[in-house]
Amino acid sequence: VKPMICENISVSKDGKHLLFAGQDTVELAKKYGTPVYLLDEDRIREKCRIYKAAFKKHFGEKAVPLYASKANCFKRIYEIMREEEMGIDVVSSGEIYTAIQAGFDLSKAYFHSNNKTDKDISYAMEHGIGYFVADNVEEVIAVEKEAERRGIKQKILLRLTPGIDPHTYEAISTGKVDSKFGNPIETGQAEEITVFTLKQAHIKLMGFHCHVGSQVFEEDVFERAAVVMLKFVADMKEKYGFITPELDLGGGYGVRYTDEDAHLDIETKVGEVAAAVKKACTDFGIEMPEIHMEPGRTIVADAGMVLYTVGTVKKIPGYKNYVSVDGGMTDSPRYALYKAKYTCLLANKMDEALDFKASVVGRLCESGDIIQEDVMLQASVGRYDIIALCTAGAYHYSMASNYNRLPKPPTIMLKGGNESYVVVKGETFEDIVRNDV
Ligand code: LLP
């Protein structure tokens, strides 16, 4: 009925049922219940391999992509990342704990966050975290103190803000200097923290990091950020003789949520960044540092889908139609938070015409609990139909809540066109009261 936004989405031979990763979503809904998160393991692995191959080709053997695990975080995903030989970006002790449970080698982990507590710092060091991506001078001081106490030398990157606004291509680049993250290059604060860090006896400064934004489609953003960062690298070499071993350019490439979104080819994009990096290194007369990037969304988003069951259809003549499903902003918070666009499909009626406009809404007690507004659905939509929300593998489960005491749905991994297995169990009512005393 609709152009399929990703190649792992198709329809059954008779045209009726929506298939995801080659499997019948209506059958999956029956087997696992709804709401349910589906994840396409083959797609996740394919994305890791695309990134790895592109990095190897354009940046050399040592350049490793880091999966930004905030996009979707649970034990099995770290096992997959371990098997795919990816590095990871973690942002909390909770993510670190999860990675440890999965046997992930933390020497390949980069610990972000603009406010790590002393407890976080100690916990991460205790477990041999590879890198702290230090955001501010308080963190550098706290890391130095803890590393001294443990008698080790801790590797860190410093997070800088290159002053690039990813959303308005022509915008004056000072926009992003105003951010809660990182040390602005423009104001001299990046240089100050670099000088300060180099003086610490128990810290090994390994380089710099920046992250310009997320769901980025604008051309050139990563290239411009890379040039600003490499200019800084060259300045630090010239002024202080500091040779930068690593440069991490963050995550942020956009994915297709609807057929209006462009398709970004990762291999091409990485190639473009590499060309800009190599040119800048030649221009500034410096060695190319080991390059990292931290894709989150592009690894998991289109590997994911949420299935819901329709409960009610409310038609208000002259106003609007509402289709209510058995989940909502608790499992899919991105419309409520960002008015994020998505593709919604009626998974069991794919052969019928799209002639009914409705807002798909959740079951939570608040009007902002909307999955998507003004979606074209089939006029026969009604109770027990299955609604699929596509491109839902990133920032759904990881941002889910228990508002109204709704249990979080399970995550089911799909594999090989016919296998499926539970990677996160659905919460029970006992789980809901587990911490109540
Ligand atoms: N590295 C850093 C330092 C980040 O802050 C982020 C995302 C990433 C990497 C991964 O970016 P990605 O490749 O996934 O775009 N909750 C929002 C997205 C927040 C992104 C936060 N940082 C959403 O649902 O759109």
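Each ligand, and each atom within it, is numbered from 1 in the order the structure gives.
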**Prompt:** How about T258 and E260: does a side-chain donor come under 3.5 Å of a side-chain acceptor?
**Reply:** no

**Request:** Output yes when the distance from some N or O of ligand 1 to some N or O of T298 is under 3.5 Å, and no in every other case.
**Result:** no

**Prompt:** Does ligand 1 have any atom that is closer than 4.0 Å to a heavy atom of G252?
**Reply:** yes

**Asked** If you count the non-hydrogen atoms of other residues, nucleotides and ligands that lie under 6.0 Å from NZ in K52, is the total more than 12?
**Response** yes

**Asked** Is Y338 in polar range of ligand 1, meaning some N or O pair under 3.5 Å apart?
**Response** yes

**Prompt:** Hey, is ligand 1 close enough to R159 that some N/O pair sits below 3.5 Å?
**Reply:** no

**Message:** Side chains of C281 and L230, heavy atoms from C-beta outward: is any pair under 4.5 Å?
**Reply:** yes

**Request:** Say whether Y395, considering both its backbone and side-chain N or O atoms, lies within less than 3.5 Å of an N or O atom on ligand 1.
**Result:** yes

**Message:** Between ligand 1 and G250, is the shortest N or O to N or O distance under 3.5 Å?
**Reply:** no

**Message:** Looking only at side-chain N and O atoms, does S332 offer a donor or acceptor that is under 3.5 Å from a partner on Y308?
**Reply:** yes

**Prompt:** Which atoms from ligand 1 have a heavy atom of M399 less than 4.0 Å away?
**Reply:** 16 (N), 24 (O)

**Item:** Protein residue, atom and distance nearest to atom 8 (C) of ligand 1, heavy-atom basis
**Value:** H211 CE1, 3.4 Å

**SB check E126 K119 (cutoff 4.0 Å)** = no

**Request:** Test R45 against D42 for salt bridge (charged side-chain N to carboxylate O under 4.0 Å, His left out), laying out the working first.
**Result:** CA-CA 5 Å; R45 290 185 186 274; D42 302 326; 5.8 Å; no

**Request:** Please work out whether any backbone atom (N, CA, C, O) or any side-chain heavy atom from C-beta onward of H112 is under 4.0 Å from ligand 1, and answer side chain, backbone, both or neither.
**Result:** side chain

**For P295, the ligand 1 atoms whose distance to one of its heavy atoms is below 4.0 Å** = 13 (O)

**Asked** Numbering the atoms of ligand 1 from 1, which are under 4.0 Å from a heavy atom of D89?
**Response** 1 (N), 2 (C), 9 (C)

**Message:** If I apply the N/O under 3.5 Å rule, does H209 come out as touching ligand 1?
**Reply:** no

**Prompt:** Should we say atom CD of E267 is surrounded by more than 12 heavy atoms from elsewhere, each under 6.0 Å from it?
**Reply:** yes

**Item:** Options Q215, E294, R297, ranked by nearest heavy atom to atom 25 (O) of ligand 1, top entry
**Value:** R297

**Asked** With no hydrogens and no angle check, do the side chains of S69 and Y78 hold a donor and an acceptor under 3.5 Å apart?
**Response** yes

**Prompt:** How many angstroms lie between CE in M305 and CD in Q23, if you round to the nearest 0.5 Å?
**Reply:** 11.5 Å

**Message:** Could you tell me, atom by atom, which parts of ligand 1 come under 4.0 Å of a heavy atom of A68?
**Reply:** 8 (C), 9 (C), 10 (C)

